[in-house]
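So the structure is just underneath, and the comments pick up after that.
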Amino acid sequence: QVQLVESGGGLVQAGGSLRLSCAASGRTFSTYAMGWFRQAPGKEREFVAAITSSGGITYYADSVKGRFTISRDNAKKTGDLQMTRLKPEDTAVYYCAARPSLLFSVYYSTWDEYRYWGQGTQVTVSS
């Protein structure tokens, strides 16, 4: 079992940057694929980015491609989401998620594929 705790959210002006971190517990973090999702008020949860358990493959939603970077450090049991050139429409609660995956080259991009979720961290981008 894995427990996830996000940090790094906050208020930033449009065009700015933020780095979200997700700290994981558990001894087998390196066998879990990770993802980031977000949910804005009145909207459905939306996929943002995913990374394979090995960290070798990443995948992004079109809306964030070229602006956000997902990464992970299996030794430290952390996953990060570096967000640059932020826009007001990026405002949302951001969640990290994880699921067991022994397939080191497979990522997951839908919320129902993930088993474990963090509590979320608010990101607000002002115009």
message = Side-chain heavy atoms under 4.5 Å apart, restricted to Ile/Leu/Val/Met/Phe/Trp/Tyr: what other residues fall into the cluster of Tyr108, or is it alone?
response = Phe37, Phe47, Ile57, Tyr59, Val93, Tyr95, Leu103, Val106, Tyr107, Trp111, Tyr114, Trp117
message = Going by the rule side chain to side chain contact (heavy atoms under 4.5 Å, CB included), which residues pair with Arg67 if we only count those two or more places apart in sequence or in a different chain?
response = Val64, Thr84, Arg85, Lys87, Asp90
key: Test applied, side chain to side chain contact (heavy atoms under 4.5 Å, CB included); reference residue, Thr121; option that passes from Val5, Leu81, Leu18, Leu20   = Leu20
ask   = Does the Arg99 side chain pair with the main chain of Glu113, one donor and one acceptor, at a distance under 3.5 Å?
value = yes
key: Phe68 side chain reached by Val48 side chain, heavy atoms, under 4.5 Å   = yes
query = Could you walk me through whether Thr124 and Gln122 pass the side-chain hydrogen bond (donor to acceptor under 3.5 Å, both in side chains) check?
reply = CA-CA 6 Å; Thr124 303; Gln122 177 70 45; 3.3 Å; yes
ask   = Between Asp73 (side chain) and Lys76 (backbone), is there a donor-acceptor pair under 3.5 Å?
value = yes
Residues Asp80 and Arg19 bridged, charged N to O under 4.0 Å = yes
message = Using side chain to side chain contact (heavy atoms under 4.5 Å, CB included), reason through Gln1 and Tyr116 one step at a time and then give a plain yes or no.
response = CA-CA 8 Å; Gln1 189 168 354; Tyr116 303 105; 3.6 Å; yes
query = Does any non-hydrogen side-chain atom of Phe104 lie less than 4.5 Å from one of Thr52?
reply = no
task = Could you note down all residue pairs passing disulfide (SG to SG under 2.5 Å) where residues 55-127 supplies at least one of them, sequence neighbours left out?
result = Cys22-Cys96
Sequence neighbours excluded - side-chain hydrogen bond (donor to acceptor under 3.5 Å, both in side chains) pairs with any residue from residues 40-51 = Arg38-Glu46
query = Would you say Thr91's side chain and Val125's backbone share a donor-acceptor pair under 3.5 angstrom?
reply = yes
message = Quick check: do Gln82 and Ser17 have side-chain heavy atoms less than 4.5 Å from each other?
response = yes
query = In chain order, what residues pass the side-chain hydrogen bond (donor to acceptor under 3.5 Å, both in side chains) check against Gln39, with sequence neighbours excluded?
reply = none
Non-hydrogen side-chain atoms of Phe29 and Arg72 separated by less than 4.5 Å = yes
key: Nearest-0.5 Å distance, OG of residue Ser126 to CG of residue Leu86   = 10.0 Å
query = Hey, what else clusters with Leu11 if you join Ile, Leu, Val, Met, Phe, Trp, Tyr whenever side-chain heavy atoms sit under 4.5 Å?
reply = none
request  = Return yes if some donor-acceptor pair links the side-chain N/O of Thr31 with the main-chain N/O of Pro100 below 3.5 Å, else return no.
outcome  = no
